[in-house]
Structures are given as C-alpha cells and as structure tokens.
Amino acid sequence: MEHTRRNKIVDLLKSKDFGSEVLVKGWVRTKRGNKNINFIALNDGSVIHSIQVVVEVANFDENTLKLVTTGSCIAVKGTLVESMGQGQHVEIQAKAIEVYGTADNETYPLQKKGHSLEFLREIAHLRPRTNTFGAVLRIRHAMAYGIHKYFNDQGFNYLHTPIITGSDAEGAGAMFRVTALDDKNPPMLPDGHVDYSQDFFGKETKLTVSGQLEAELGAMALSLVYTFGPTFRAENSNTPRHLAEFWMVEPEMAFYDIHDNMDLAEDFLKYLIQYALDHCYDDLEFLNKMYDNELIDRLKGVLECSFERLSYTEAVKILKASGQSWEFPVDWGTDLQAEHERYLVEKHFGKPVILTDYPKEIKAFYMKQNEDGKTVRAMDVLFPKIGEIIGGSQREENFDILVKRIHELNIPEKDVWWYLDTRKFGTAPHSGFGLGFERLILFVTGMSNIRDVIPFPRTPKNAEF
RNA sequence: UCCUCCUUAGCUCAGUUGGUUAGAGCAUCUGACUGUUAAUCAGAGGGUCGCAAGUUCAAGUCUUGCAGGGGGAGCCA
C-alpha cells in the first residue's frame, strides 16, 4: 500500500473515472452502518468534503474495523464507484484498509457533533481536523498566496524586514523585550538599570511592532516593496480583534501620494476578496451556512461598490449632524471611537469607508503634514463588522519638517538617524499602509473572533501549544 | 486595564422562594438492524456542581476573594 501514490480526496470527488483503483489516506470523521456494511467518512484536508468509503464487513478483519473510529487515521485501497446512496456522487468500495493511528473514542475530544468555538480553542492542537478550521486554514493559505501573487504581479519586491529591532520609534504599542542575559543575575549599571551593553546585541532589543520604517528604506531603492511577516504587541488587549502575535502586510511605494495609496488599498482588498470567491468557494459556502448567512453577499457587496472616501473633518461633521447619542462625544481633534466608525460604515454609507487627513496630534510622527498645519495625510480603511482593516499614510519626505516633528514628540534623533538619512539623501514622495492579515481573514471567513483565524493564537495569559 | 455576563457529566445546557438520592440531549460502551448521510432503535456506565473561604440546621443555588472564559470598551492592525 505504501508504494502507490495516494489520491487526494479533492480530486476523487471531481473524478468520473469509475472503476479505477484508488488509494486514499486521511482521518475518519464518522463511521456508521450495521453488521453487514459500514460507511466511513474520510477527510484528508484537501477539501472540506469527506469521501465515503463503503466497507463490506464480511471482507475485513473484525479487529481492524474496530480500530476505525472517529479521529483515527487510515489508508484505504479500493475502487472508485458511482454512489448508490443519496448524499454523494462518488464513493470508494474498500478492498484493503490499513490503520495508521488509532483514536480512543473514550478520550478523543472531537465528536461527530458540533463543538463551540470556545471549546475548540482549548484544543487548538486538534481543531484543524474540524470542518470549520479546515475551511479557515485553507482560506488563510489562499489569502497569503493571493497577497504574494498580487504584489508580484504588480511589480513589488518582497522585503524581509527584521523581527528583532533596536528601535522603539514606531510608537505602535508596548513591545516584547528580546534578551540573552541571565534572568537571575543580569549585569547591572550603577543606576540600578540592567546593562544591556553586555547583552547579545550590545543594546536593548525588542520584537518588532511594524516593519514599516525598514520598508521605507527598501522603497527608496526598489520603488515598490512590501513586507509580510509576524508582528508583536505586548499590549494587554483582550478583544476579539487583537493578538499579541499577528501577521501584517505592509506595502511601501515610492512616488505614490495619498490618492495612489488609497487606490492601491482598495484594489488590493478587492483582489483578495475576489481571489477567495474564485478559489475557496466550497469553504466559504460552508462558513456562510454554518456561521454567517450574509458572508458571501457581504463579500460580493464589497466588490461591487467603490469605497467612500472622505476626510476626518467631513466625517466629524456627519457624526455631529447625525442626531445619534454617543457614548463618547464627537469633537474635532479627538480620535474617532469604534461606535463612530461603525456608524459611518454600517449605517451612514453602508459600505467600506476610507477616512483621510486626520489631526496630526492623533497620528504617528512620520505622516506627511498638510499645508493647513493641523492635519496629516493619513488614511484608515474601515470595514463593516471589523472596523479598521488598513491604516496608512503618505509619508513626510521633507527632512526639516520631519526632524521638527520628531523633536516635538521627544523621539531621540539617534534612534532614527538611519530613517532620517533617507530624507537627507535622495528623498522622494512616498506612501504605504499596513494590513492586519488576521483582520482580513476575519472579514473573508465571517468568523467573529480573531483567535479563530490563526492556528495558535497568542493573547494575554495564553501561549499554549 | 475597565464594565458586564458566564463556569453543573467528554460536549452543549436545564436545575423553581436555599430542602431527600443533581437531570436532559448529544458523545461513549453493549445489543439490534442488508446502503447509511450529525443513521435509527433499545439498554448501560459516566458528577469533588471552576478553586478557596464564609453565612445557614441545610448551599449547585446566597456572600466575598481568586482563576479561567464570553461579550462590550480602551490601545491598535
């Protein structure tokens, strides 16, 4: 049995090659039947559907069949036939079964019946074997591939930015420290602080919160670059939209202004959603049926509309004129709250919204300042259900203005000298944005908790598996 | 981190104003059934009621603390 190439279930389910000999290997979802005939639903993860294996009990060793239980892993050699039953077109008449791995029914946690997502989070090592997580993980893969394909086709270069960083300049949140010092007896300075000059890198280092600053360095040579890698935030965020370890996509484009940036963001998101509909329809259909009846309609809706683009200032006017009562008051100069963003996206416009030109005080130092002296060329893409999916901006390319802003915010110039050098030598107008990969997967799958769209979520108080 | 709700069988949950031996469905096990579709039917086993303390003649039920989880908020992607 080992020497024959196995057939993938995704291919067999589409096959009309009845009578051919096939070999399938996978995990048993259910076995049912009577003392004469058994039906095994076998899944190998190649597709959400299982294939039905028909077993004439008389032809098999009773002890072998006893080991074929929900969760066990088996290989089946048999004949592909047209199904006599109602639920499927093809099935396999089994000739030989080899059990690779048993799964004790008394202790195997996954049942034939549905489980709560909360319970499955506690057994994240086994949840990929469920229909739901199979679907989510296949979609996640397709989106990762689609991202690379999109940027490659557009002439972007995939730039690997560092995971370990010595700069704390992004200001995107609390960071995890990286150290090789003895945690029981670290070298100390006279002032009582740890002496990181004796650490592995000779300075204090952290896990990155963003690859953007380094991506800008790449864009100042290759014109079009993007990063796609893990990102870490040590914030104590306990929400269905935050992870301590997540994946972020950050394109950075020389010679793009804020409008080019918005065009790219919109086209990029639509491409990915179309890619999911084209390549993951079975999985989307399952998720649409089981979790979110409006999922596929919502995805198609995004493709059909053009994103509403307006300035922060205009948004504030709309919110003030809305007559809604807010938990947090709307006022020019304060950041918009989730309730405000939701109103704009879900009630007022009923489609994705791109907000631009925010007050500079509530945005990062590197964003390009407008002539009004008050706002910066930021752009946030807001999506229904999940809120901010993309945050980006045109970058400040003027050396003097950027240095002045850095001083205003008390960012040590010595930490970002290399970043400032790009504005000193051959500076160029440029733009970029960050897409939270898991937030994209949330939107595309219709899942409602970000912990269910990454295989092994890292959140406060949880680094299991 | 804040607000709020939850924690009872392997899973999902019910459990009345505090009162005898804590229930159901599914799962598991045993048996029946010649093609099933979350198979069906019959029977059986399965519980430190999250942990700790308190109130009470009596606590799954009331109080306090702790832990874990859900939802909302903040931080953000």
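Below, each value reflects all heavy atoms present in this structure, side chains not excepted, and no hydrogens, waters or symmetry copies. Chain letters run A, B, ... following the sequence lines, proteins first, then strands; residues in each count from 1. This structure is a prediction, so every number in the text was calculated from the model and none was measured.
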Return yes if the base of B:U1 and the side-chain atoms of A:Asn238 contain a donor-acceptor N/O pair under 3.5 Å, otherwise no. yes

Using a heavy-atom cut-off of under 4.0 Å over every strand shown, decide if A:Leu440 touches base, sugar-phosphate, or nothing. nothing

Looking at the base of B:C75, is there any donor atom on it, or on the side chain of A:Ser237, that sits under 3.5 Å from an acceptor on the other one? yes

For A:His125, does the NE2 atom sit with more than 12 other heavy atoms under 6.0 Å from it, leaving out its own atoms? yes

With a non-hydrogen cut-off below 4.0 angstrom, is A:Glu250 in contact with a base, only sugar-phosphate, or nothing? nothing

Between P of B:C26 and OH of A:Tyr108, the distance in whole Å: 21 Å

Among B:G70, B:C76, B:C33, the nucleotide that comes nearest once only the side chain of A:Arg451 is considered: B:G70

Any N or O donor-acceptor pair under 3.5 Å from the base of B:G35 to the side chain of A:Gln86? no

Counting only side-chain heavy atoms from C-beta out, which of B:G35, B:U12, B:C76 sits nearest to A:Phe119? B:U12

Establish, with yes or no, whether the OP1 or OP2 oxygen of B:G70 is under 4.0 angstrom from a side-chain nitrogen or oxygen of A:Arg121. yes

Would you mind classifying the nucleic acid contact of A:Asn105 as base, sugar-phosphate or nothing, using non-hydrogen atoms under 4.0 angstrom? sugar-phosphate

Mind checking A:Thr107 for me? I need base, sugar-phosphate or nothing, with any heavy atom below 4.0 Å counting as a touch. nothing

Residue A:Glu21 excluded, over 12 heavy atoms near CD under 6.0 Å: yes

Under 4.0 Å, heavy atoms only, any strand: does A:Met84 hit a base, just the sugar-phosphate, or nothing? base

What does A:Arg342 touch in the nucleic acid at a heavy-atom separation under 4.0 angstrom: a base, only the sugar-phosphate, or nothing? sugar-phosphate

Indicate, with a heavy-atom threshold strictly under 4.0 Å, whether A:Ala338 touches base, sugar-phosphate, or nothing. sugar-phosphate

Any base atoms under 4.0 Å from A:Asn449, or only sugar-phosphate, or nothing? Heavy atoms, all strands. sugar-phosphate

Which sits closer to the 5' end of RNA chain B, A:Gly85 or A:Pro460, going by the nucleotide each is nearest to? A:Gly85

Closest-nucleotide ordering on RNA chain B, the 5'-leading residue of A:Phe246 and A:Phe328: A:Phe328

Determine whether a donor-acceptor pair (one donor, one acceptor, N or O, separation below 3.5 Å) exists between the side chain of A:His242 and the base of B:C76. yes

Against A:Phe228, only a single residue in A:Phe156, A:Phe437, A:Phe246 fulfils ring pair (Phe, Tyr, Trp, His ring centres under 6.0 Å); can you say which? A:Phe437

Would you indicate which nucleotide in B:G35, B:C76, B:G70 comes nearest to any side-chain atom of A:Glu118? B:G70

Whole Å only: how far is the NZ atom of A:Lys66 from the C1' atom of B:G31? 13 Å

On the side chain of A:Gln52, is there an atom forming a donor-acceptor pair with the base of B:U36 - under 3.5 Å, no angle test? yes

When only distance counts, do a donor and an acceptor, one from the side chain of A:Gln88 and one from the base of B:U36, lie under 3.5 Å apart? yes

A:Phe151 pairs by ring pair (Phe, Tyr, Trp, His ring centres under 6.0 Å) with which of A:Tyr158, A:Phe268, A:Tyr145? A:Phe268

side-chain hydrogen bond (donor to acceptor under 3.5 Å, both in side chains) partner of A:Thr375, chosen from A:Thr313, A:Asp357, A:Asn370: A:Asn370

Do the side chain of A:Gln93 and the base of B:G35 come within less than 3.5 angstrom through a donor-acceptor pair of N or O atoms? yes

May I ask you to say what A:Gln111 touches in the nucleic acid, namely base, sugar-phosphate or nothing, with a heavy-atom cut-off under 4.0 Å? base

Please lay out, stage by stage, how A:Glu339 and A:Arg342 fare under the test salt bridge (Lys or Arg N to Asp or Glu O under 4.0 Å). CA-CA 5 Å; A:Glu339 58 174 341; A:Arg342 257 202 312 276; over 6 Å; no

Could you check whether A:Leu110 gets within reach of a base, just the sugar-phosphate, or nothing at all, counting any heavy atom under 4.0 Å? nothing

